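Notes to accompany the following structure.
Chain letters run A, B, ... following the sequence lines, proteins first and then strands; every chain starts at 1. The model shown is predicted, which means the values in this text are computed figures rather than measured ones.
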There are 2 protein chains.
Amino acid sequence: MSTPSITAAAHVRPTSATIADVAAVAGVSVATVSRALAGNYPVAAATRERVQHAVASLNYVPNANARALAGATTRTVGIIINDVADPFFAYIARGVERQASADGRLCLIMATNGDKERELALVDLLRERRTDAVILVGGASDDPAYRKQMAARARALDADGSVLVLCGRPSLGPGVPTKMVAYDNEGGAFAMTDYLISQGHRRILYIGGPSNFSTTASRLAGFNRALAARGIAEDPALVQQGAFGRPFGYTRMKEILATDLDFSAVFAANDVVAAGVLQALEEQGLRVPDDVSLVGYDDVPMANELRPRLTTVHVPLEDMGREAVRLGLADFSHDAGASSDDTLTVGTHIIIRDSVKPRS
Amino acid sequence: MSTPSITAAAHVRPTSATIADVAAVAGVSVATVSRALAGNYPVAAATRERVQHAVASLNYVPNANARALAGATTRTVGIIINDVADPFFAYIARGVERQASADGRLCLIMATNGDKERELALVDLLRERRTDAVILVGGASDDPAYRKQMAARARALDADGSVLVLCGRPSLGPGVPTKMVAYDNEGGAFAMTDYLISQGHRRILYIGGPSNFSTTASRLAGFNRALAARGIAEDPALVQQGAFGRPFGYTRMKEILATDLDFSAVFAANDVVAAGVLQALEEQGLRVPDDVSLVGYDDVPMANELRPRLTTVHVPLEDMGREAVRLGLADFSHDAGASSDDTLTVGTHIIIRDSVKPRS
DNA sequence: AAAATCGTAGTAAGCGGTTACTACAAAATC
DNA sequence: GATTTTGTAGTAACCGCTTACTACGATTTT
């Protein structure tokens with residue numbers, strides 16, 4: 001780097017100017033510097049100016065770690081998602097970052113890649129950081145052992161004066177101290193399925209999403225409820241679970257096309273799966289929507305770039321992220337007494353584009 | 001939350017167990033607890049076990065802020081990007097998160113939304129946090145005042161024992177202590193332009209990217225060099241700068257189509273702009289690639305979902321993020337003496353898909 | 001003019017860790 | 001048996017800030 005040390009010099013970690021240095025230069029006490037900078041205590045104008053000069057001349061910035069240790073907050077929120085580059089998570093993360101930033105917070109982000117053990121470990125890492133809130137995003141496993149462990153962490157965070165916010169995932173059970181921002185997975189799936197049925201489709205293939213995963217379960221529940229409401233029997237062959245992700249949609253659709261399964265529409269568990277399904281269909285010479293209708297879920301930007309443009313369920317991802325932060329920081333807000341609600345549900349609605357046609 | 005306080009109770013900030021609590025429970029000194037946990041100093045097996053029991057029973061996790069204050073590192077890297085949800089940045093961020101995580105670091109992420117004042121402020125915020133490295137991603141303004149200010153921050157970070165890593169943006173000048181991971185913008189644009197020319201295109205419209213922005217400048221330079229190499233004169237009317245982003249591509253293309261400008265191919269400054277251009281072309285009844293050829297830059301996943309699938313320049317975004325972290329943490333690695341190189345350039349190459357046809 | 005009030009600034013006790021230095025049995029060496 | 005070495009563990013001094021408490025000259029009040 002810029003300052004090559006003399007060969008014989010012992011390794012000395014370079015350190016920045018401290019508040020004591022500023023105090024020395026300004027000729028005041030450290031308390032005065034702290035106050036001049038914080039502005040929460042009267043300091044004479046002339047003194048304040050001397051301090052500011054010293055700060056500038058030393059290129060001083062306060063040490064946030066020391067500040068966090070002495071003060072009451074780290075001014076940080078943590079967010080745990082599946083994958084930083086997956087648009088579903090990225091849009092929620094954008095909302096989190098924007099709201100956190102608006103609240104003067106910085107944002108620690110980390111990815112689990114779908115590994116629930118790792119998720120637990122990451123929550124612990126965030127607990128070490130003493131973040132003001134930790135936000136857990138996206139569907140969760142329903143494994144009881146895992147749920148128990150996560151509940152324990154929720155209690156620990158609560159005891160530490162932090163909050164665990166669940167964003168788009170189910171409750172950890174009654175009495176477990178968490179806040180939640182939920183969205184209507186079941187209702188969105190119901191509405192979409194009902195729409196497909198209204199277009200004359202009766203054999204609808206539901207594809208994607210891990211089984212025993214909260215998001216999948218809700219969407220599937222809405223799907224089945226819509227079927228039942230219209231008096232259509234469930235057919236296990238028409239429900240193909242497995243994973244989220246484009247490759248899954250592509251591969252599983254290919255496999256199905258190799259069988260003689262009969263269906264006129266496909267409900268993909270999310271838009272990304274739908275993209276994979278679309279490719280498989282295309283490669284088989286099947287046209288969407290003329291030969292088969294296709295819908296997705298989430299309404300990520302890609303849905304609008306696919307051809308045909310994908311009919312899907314809109315989920316206000318960025319808003320969810322914002323709300324998660326609001327909920328998490330509610331205790332820090334001005335009127336600390338005001339008890340905000342602990343859970344908030346955002347709505348979903350279907351967006352009709354070009355990928356569905358009435359069954360001929 | 002879970003433990004509603006009794007109405008009259010004074011507000012007491014809940015605090016977590018400390019190392020002193022653990023020491024008391026285990027019946028040892030705090031030093032012993034610290035050592036048992038760090039494992040960098042011999043502790044009798046029996047003692048270690050008592051400590052571990054105490055830790056478990058108290059649900060103790062060490063306070064990372066205190067640790068950072070007393071120790072030498074925060075085990076954190078900071079990354080500053082334009083937009084969390086933009087795939088270009090999201091993929092780089094994914095690389096950063098993954099490598100940081102592999103190195104036992106957490107990742108502070110923040111977005112500038114393209115505001116360079118904000119970018120400067122964010123670097124200061126990161127300096128306060130004493131992160132091990134701060135990574136600045138994406139093209140930068142060439143405004144001299146801005147560059148001067150950023151250079152000052154690079155020096156400050158260096159003096160603090162941190163590093164400023166520039167990822168995909170030009171140097172701040174000789175002597176400014178930074179590390180860099182660069183990619184060959186100029187070369188990629190040259191190769192792509194040359195390819196278009198080889199397909200018979202001579203009037204190529206270059207569209208998108210802010211002027212006086214490093215990324216645009218390099219891509220445009222490659223574009224012009226390819227033209228020159230083939231003896232084609234530059235035509236100012238064929239260079240349409242302005243911004244990145246889908247809306248810009250759409251709007252500007254619409255405007256151009258309202259004129260009688262002649263061109264047979266469009267080189268969009270990036271894939272997202274290309275998506276907007278594609279829509280404008282479509283709406284005008286122009287078919288790609290039959291009526292006009294279209295190419296992009298970056299090779300984000302969306303490029304492969306467009307129809308026609310977009311021919312574009314591949315940039316190894318995730319790798320760039322990983323390398324930025326490697327470079328930034330190089331001083332922390334095992335053999336601290338080994339001076340790794342301060343700058344690294346990753347290659348780009350063109351990906352031929354379906355959006356270009358030879359000019360008829 | 002004495003007393004009370006006000007505006008400013010300093011002193012020092014934490015916050016929760018790490019680690020250099022010291023202490024002291026038990027084991028090894030002479 | 002006396003001395004040195006070794007293995008463990010304790011003491012206490014930081015790291016860089018915030019803030020309760022104290023101090024004190026200048027105004028006001030009585």
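Checking D:dA9, C:dT18, D:dC17 against the side-chain heavy atoms of B:V43 singles out D:dA9 as nearest. When distances are taken from the side chain of B:N63 to each of D:dG16, C:dA9, C:dG16, the shortest belongs to C:dG16. Counting only heavy atoms from C-beta on, A:A70 has its side chain closest to D:dG16 among D:dT8, C:dG17, D:dG16. Among D:dC17, D:dG16, D:dA9, the nucleotide with an atom closest to any side-chain atom of A:L69 is D:dG16.
The phosphate of C:dG17 has neither OP1 nor OP2 within less than 4.0 Å of any side-chain N or O from A:N65. Dashed line: the shortest gap from a side-chain N or O of B:T47 to OP1 or OP2 of D:dA9 is under 4.0 Å. Put simply, B:R67 has no side-chain N or O that comes within less than 4.0 Å of OP1 or OP2 on C:dG16. Distances shown here put every side-chain N or O of B:Y41 at or beyond 4.0 Å from the OP1 or OP2 atom of D:dG10.
Using a 4.0 Å cut-off between charged side-chain N and carboxylate O, B:E97 and B:R94 make no salt bridge. Between B:E128 and B:R153, none of the side-chain N atoms (NZ, or NE/NH1/NH2) sits under 4.0 Å from a carboxylate O, so this pair counts as no salt bridge. Ion pair B:R105/B:D132 flagged as a salt bridge, since at least one NZ, NE, NH1 or NH2 atom sits closer than 4.0 Å to an Asp/Glu carboxylate oxygen. Using a cut-off of 4.0 Å between Lys/Arg side-chain N and Asp/Glu carboxylate O, A:R169 and A:E119 are scored as salt-bridged.
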For residues 106-114 of chain B, dump all side-chain donor-acceptor pairs below 3.5 Å to protein atoms at least two apart in sequence or in another chain.
| residue | atom | partner | partner atom | Å |
| --- | --- | --- | --- | --- |
| B:T112 | OG1 | B:G114 | N | 3.0 |
| B:N113 | OD1 | A:R98 | NH2 | 3.3 |

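Across residues 28-38 of chain B, B:A31, B:S34, B:R35 each have a non-hydrogen atom less than 4.0 Å from an atom of DNA chain C (numbered order).
Using a 4.0 Å heavy-atom distance criterion, B:D21 is classed as making no nucleic acid contact.
Counting to the nearest Å, the C1' atom of D:dC15 and the CZ atom of B:R129 are 18 Å from each other. Nucleotide D:dT8 holds its C1' atom 17 Å from the CD atom of B:E49, rounded to whole Å.
A donor-acceptor contact shorter than 3.5 Å is absent between the side chain of A:R129 and the backbone of B:A64.
The rotation axes computed at either terminus of the helix from C:dA1-D:dT30 to C:dC30-D:dG1 lie 50° apart, taking five pairs at each end and rounding to 10 degrees.
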